[in-house]
Amino acid sequence: MDMSEGNKTLVAEFVLTGLTEQPWLQVLLFLVFLVIYLTTMVGNLGLMALIWKDAHLHTPMYLFLGGLAFADACTSTSITPRMLVNFLDKTAMISLAECITQFYFFASSATTECFLLVVMAYDRYVAICNPLLYPVVMSNRLCTKLISISYSIGFLQPLVHVSLLLRLTFCKSNVIHYFYCEILQLFKISCYDPSINALMIFILAAFIQISTLMTIIMSYTRVLSDILKSKSEKGKGKAFSTCSAHLLSVSLYYGTLFCMYVRPASGLAEDQDRMYSLFYTIIIPLLNPFIYSLRNKEVIGALRRVANQ
C-alpha cells in the first residue's frame with residue numbers, strides 16, 4: 001500500500017533485532033533466557049500455589065504478594081517467549097497487531113505492579129503503625145477490592161496509549177532495534193509525528209510512577225519511624241526484615257522505570273535503554289519471588305509443611 005506523500009510503503013510487519021546481532025551468541029542467549037523464564041514461572045506460580053494451599057498464608061500481606069507474583073508472571077510471559085523464538089529464527093516477523101498486543105499486556109502488568117506495591121506498603125503501614133485495628137481495617141473483602149482496583153487500573157490505563165498508537169502508520173523501516181515491541185521504539189519508525197503519543201507516555205508515566213512512589217515513601221517513612229520507637233528487639237527484627245524486602249523490590253522496579261519513561265528522550269544510549277528494559281521486564285520478575293521468600297520464615301515454614309504432606 002503506497003502513501004500519497006513520496007510513495008512510501010506502509011509497514012504491517014516488523015523484525016525485532018533482539019539483544020545482539022552476533023550469530024554465535026544466539027544459542028547461548030536462548031539457553032540463558034530459557035532458564036531465566038522457567039525459573040521465573042516456577043518461582044512466581046509456585047509462590048501463588050503455596051499461598052493458595054497453606055491456610056497460614058491466607059492473610060492480606062500474602063494475598064497481595066500472590067497478586068504481585070501473578071503480575072510478574074504476566075510481565076515475563078508477555079516478553080520472553082517471543083524473544084526466545086527470535087533467538088532461533090531471525091527471519092520471524094511480528095505483525096503490527098501482535099506488536100501492539102505485546103505492548104498492551106506488558107504495560108498492563110507493569111502498571112498493575114506499581115499499584116500493588118502501593119497496596120502492600122499500605123498493608124505494612126496498618127500492620128505496624130495500627131496493629132490493633134489491623135484485623136478490622138484489612139479485611140478480606142477490602143483486600144480483594146484493592147487487588148481488583150489495581151488490576152482494573154493496570155488494564156485500563158494502557159488503552160490510552162494503544163488508541164493513540166492506532167492513529168500512527170509506519171513506513172520509515174520495518175526493523176525495531178529492540179528485543180520486544182517497546183512503544184518508544186515504535187515512535188522512531190512512525191510516518192507521522194508521534195509527539196502527542198510521547199507526551200501522553202511521559203505525563204501518565206510521571207503521574208503514576210511519582211504518585212505511587214511518593215505514597216510508598218510516605219508509608220515506609222512512618223513505618224520505619226514506628227519500628228525505631230519499638231522497644232521489642234524481636235518485633236524490630238521481624239518488621240525490618242519484611243520492610244527491607246519490600247523496599248528492595250520497590251527500589252529496583254522504580255529505579256529502572258524512571259530511567260526509561262520519566263526522563264528526556266535523548267537521555268540514554270540504545271545499549272543502556274536495552275539494559276534498563278531487560279531489568280524491569282525479565283530480571284525483576286525473576287528476583288521478586290526470591291526477594292519476598294528467602295528471608296521470610298512464614299513462607300519457608302509453609303513450604304516445609306506442604307513438602308511434608
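In this chain, numbering begins with 1 at the start of the sequence shown. Remember, predicted model here, so these are calculated numbers, not experimental data. Just so you know, these numbers use all the heavy atoms, side chains as well, and skip hydrogens, waters and symmetry mates.
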Looking at every heavy atom in both [X] and [Y], which two are closest together, and how far apart are they?
X    : Y    : result
M48  : A69  : CG-CB, 3.7 Å
P289 : S293 : O-OG, 2.5 Å
I147 : F64  : CG1-CD2, 3.6 Å
V11  : C171 : CG2-CA, 4.0 Å
L117 : S249 : CD2-OG, 4.2 Å

Problem set entry | Flag if over 12 foreign heavy atoms under 6.0 Å of CZ, F105 | no

Problem set entry | More than 12 heavy atoms of other groups within 6.0 Å of I196 CD1 | no

Problem set entry | Gap between atom CD1 of I36 and atom OG1 of T80 - 0.5 Å precision | 8.0 Å

For this session: Taking the six-membered ring for Trp and the single ring otherwise, decide whether the centroids of Y125 and Y220 are under 6.0 Å apart.
Result: no

Exercise. Does the gap between the ring centers of F106 and Y180 come in under 6.0 Å?
Worked result: yes

Exercise. Between I300 and L303, does a side-chain contact (heavy atoms from CB on, under 4.5 Å) hold up when you go through it step by step?
Worked result: CA-CA 5 Å; I300 293 169; L303 197 56; 5.5 Å; no

For this session: May I have the step-by-step check of side-chain contact (heavy atoms from CB on, under 4.5 Å) for V250 and M120, ending in yes or no?
Result: CA-CA 11 Å; V250 167; M120 291 170 74; over 6 Å; no

Exercise. Taking it one step at a time, do L116 and F70 satisfy side-chain contact (heavy atoms from CB on, under 4.5 Å)?
Worked result: CA-CA 11 Å; L116 285 174; F70 183 71; over 6 Å; no

Test item: [X] side-chain N/O and [Y] main-chain N/O as donor-acceptor pair under 3.5 Å:
X    : Y    : value
N130 : L133 : no
S76  : A73  : no
Q22  : W24  : no
S163 : V160 : yes
H58  : I51  : yes
S152 : S148 : yes
H246 : A121 : no
R274 : H177 : yes
E13  : N174 : no

Problem set entry | Identified side chain to side chain contact (heavy atoms under 4.5 Å, CB included) counterpart of I291 within the set N296, L286, L252 | L252

Under a 4.5 Å side-chain heavy-atom rule over Ile, Leu, Val, Met, Phe, Trp and Tyr, are [X] and [Y] clustered together?
X    : Y    : value
I216 : F207 : no
L45  : L68  : yes
L142 : V118 : yes

For this session: Only one of N44, T75, D72 passes side chain to side chain donor-acceptor pair (under 3.5 Å) with N288; say which it is.
Result: D72

Exercise. Can you check side-chain contact (heavy atoms from CB on, under 4.5 Å) on E298 and D54, steps first, answer last?
Worked result: CA-CA 10 Å; E298 291 175 331; D54 193 282; over 6 Å; no

Problem set entry | Pairs flagged by disulfide (SG to SG under 2.5 Å) wherever residues 48-109 is involved - sequence neighbours left out | C99-C181

For this session: Find out whether Y253 and L213 are in side-chain contact, i.e. whether some heavy atom of one side chain is under 4.5 Å from a heavy atom of the other.
Result: no

For this session: Could you check if a side-chain atom of I189 sits within less than 4.5 angstrom of a side-chain atom of F14, using non-hydrogen atoms only?
Result: yes

Do you see a donor-acceptor pair shorter than 3.5 Å between the side chains of [X] and [Y]?
X    : Y    : value
T111 : Q157 : yes
T212 : Y254 : yes
E98  : S95  : yes
Y62  : H56  : no

